[in-house]
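Below is one structure, written out as structure tokens; comments come after it.
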There are 2 protein chains.
Amino acid sequence: MSIAPKIAILPEFDADLARYVEAGGGTVGPLDDLTTGVVWTVPRDPEALGAVLAAHPGISWVQLPFAGVDAFTGIFREGITWTSAKGAYSEPVAEFALALTLGALRSLPARARATSWAPSMGTMLYGLNVLVVGAGGIAQEYIRLIQPFRTHVTVVRRTAEPLSGAERTVTTAEFLDVLPDADVVLLAAASTTQTRRLIDETALRAMKSSAVLVNIARGPLVDTDALVVALREGWIEGAALDVTDPEPLPDGHPLWTLPNALVTPHTADTPEMCAPLLGARVEENVRALLNGGTGFVGLVDVDQGY
Amino acid sequence: MSIAPKIAILPEFDADLARYVEAGGGTVGPLDDLTTGVVWTVPRDPEALGAVLAAHPGISWVQLPFAGVDAFTGIFREGITWTSAKGAYSEPVAEFALALTLGALRSLPARARATSWAPSMGTMLYGLNVLVVGAGGIAQEYIRLIQPFRTHVTVVRRTAEPLSGAERTVTTAEFLDVLPDADVVLLAAASTTQTRRLIDETALRAMKSSAVLVNIARGPLVDTDALVVALREGWIEGAALDVTDPEPLPDGHPLWTLPNALVTPHTADTPEMCAPLLGARVEENVRALLNGGTGFVGLVDVDQGY
């Protein structure tokens, strides 16, 4: 408990993160046989991280930089505590989800592209039925932000355990039962085999023609080709997507120019917004490592994949 | 007190409004010498309304359909109670103000126009300094909506009477003192001689270069030519305008295409959103007329012009 854990910041050293490691009671050094923890600073290169872990069996804790850890599931190993930024970026991402919700309801994409005055248009958020897929930190914060709008919130999650602020909480199995009532569908769930292509042709056909879809989770939750057809044919009113499949969305893709679609480049939480929030998470987890593993925040459930 | 007031709905009869008049205890009929109240259904043609009032001295109450009554100040007469929709549309307009605030902070106009993936960008609303010009229903509702974001709200109004939810309330005379601290400037004040061109070159130069300007009030509060220069030269970060001067904004105007500007066509409250809200206001004021004038809502201060 009294020996400061030795932490390597990889693959690129980050002086700001080093200060948070030290604030948490750790020491920062190069990767060697004394290294007990790794802060992985990029959301990519899982193979490189896997090689680090294989070569340095003394490492007992890895901090990943994003909430979504789907790229890293292949290298999860026994005997290592994995923490992610799960929940750390809830505020910026939930805020962005609200920006996209209001933008889609109020036709801001079409207005931003317009070069002429036009008749009034748009739908109010007040009193609408909002379906939130996911029950993590982002979903909870989004529900808090829309609370002043007197919306009726239904949450879809793995278990039916009620989520605070939701009028109704149902399991994924009931998704298609509750979907037809939704005016707003917010995707805020992890990308797993269970959520892959949750929004497919069947789901899109089940939605209200006046409904809007917002995705700030992961692109693979949506069948992109089916969404394009749905937007073209008016099965739904609009979609606002901060994540896409494929991502980046290639130039020339119809989602760039459909009048009822808005694509933003995975920008719900920018590096500038995330840096201090990740730093605070790292500090807290270094302190947990120092305390023998008590108090880790953002623990990854290796079996669930998030 | 027991005789149902006879109300004319002009210049165009509206069957929905007639039902609200009757729900309030009035009778609806054509304009004649027994008419005691007028619901004016369009935000224009003040001369026609003035002629109606001159020819029918029995009219003691006029309901106007908008919150802003600047077009009608020339026909305000002694002996008539004027009520507007002041406050009735606070919810849709405040919601739209938040949509524009988040849209401007998160660079949604630029993203909507983009046809390629791009680096992350944008600013969070959490914790920012928000300057609200105006203290009416829209300002109050906007402050309620942004409450979850832990913003620091300063209100500028005619008097320094503190507004609930604001950390600080100052008078218009102190506007230029508080402006340099603002990250967001929301214009939500009536259009009067005092507020005309409140945002002029001096004000724009006093603002933070990272600040965004949102106008959901009236176009003349902003010096449009100065704003174009400010946006071009980066004196401020961006502007989102639901009202313009001139309005409608003509085709080819630079505000349509400046990358950091968003113009929406006076669409914060659409006719579909306003109809039931105006109806409720009419019902309440017919009831007040029936009760000898007790309980009017949205009374116009003829001297102040709003």
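Chain A is the first sequence line, chain B the second, and so forth, proteins listed ahead of strands; every chain is numbered from 1. The figures here come from the full heavy-atom set of this structure, side chains too, leaving out hydrogens, waters and symmetry mates.
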Item to check | Verdict with reasoning, B:F149 to A:L98, per side chain to side chain contact (heavy atoms under 4.5 Å, CB included) | outcome: CA-CA 12 Å; B:F149 293 95; A:L98 179 57; 3.9 Å; yes
Next on the checklist: Please report the interatomic distance CZ(B:R113) to OG1(A:T257), rounded to the nearest 0.5 Å.
Outcome noted: 16.0 Å
Checklist entry - Is the side chain of B:R111 donor-acceptor paired with the backbone N or O of A:T267 at a distance under 3.5 Å, no angle test? => result no
Next on the checklist: Can you tell me which portion of A:E272 sits under 4.5 Å from chain B's heavy atoms? Options are side chain, backbone, both or neither.
Outcome noted: neither
Checklist entry - If you round to the nearest 0.5 Å, how far is OG1 of B:T101 from CG of A:L102? => result 10.0 Å
Next on the checklist: So which residue, A:L145, A:I146, A:T244, ends up with the most heavy-atom pairs under 4.5 Å with chain B?
Outcome noted: A:L145
Item to check | 4.5 Å side-chain heavy-atom contact, B:R150 and A:E91 | outcome: yes
Checklist entry - CG of A:L100 to CG of B:L108: how many Å apart, nearest 0.5 Å? => result 6.0 Å
Checklist entry - Quick one: does A:R144's side chain have a donor or acceptor within less than 3.5 Å of a partner on B:P148's backbone? => result yes
Next on the checklist: Just so I understand: if I count every heavy-atom pair under 4.5 Å between each of B:P92, B:P109, B:A268, B:A110 and chain A, which residue has the most?
Outcome noted: B:P92
Checklist entry - Heavy-atom distance under 4.5 Å to chain B: side chain of A:L249, backbone, both or neither? => result both
Item to check | Toward chain A: residues of residues 115-136 of chain B with heavy atoms under 4.5 Å | outcome: B:T115, B:S116, B:W117, B:A118, B:P119, B:S120, B:M121, B:G122, B:T123, B:M124, B:L125, B:Y126
Checklist entry - What residue, out of B:A240, B:A112, B:P265, B:P271, has the most heavy-atom pairs lying under 4.5 Å from chain A? => result B:P265
Item to check | Contact leader toward chain A among B:A114, B:A99, B:G103, B:P248, where contacts are heavy-atom pairs under 4.5 Å | outcome: B:P248
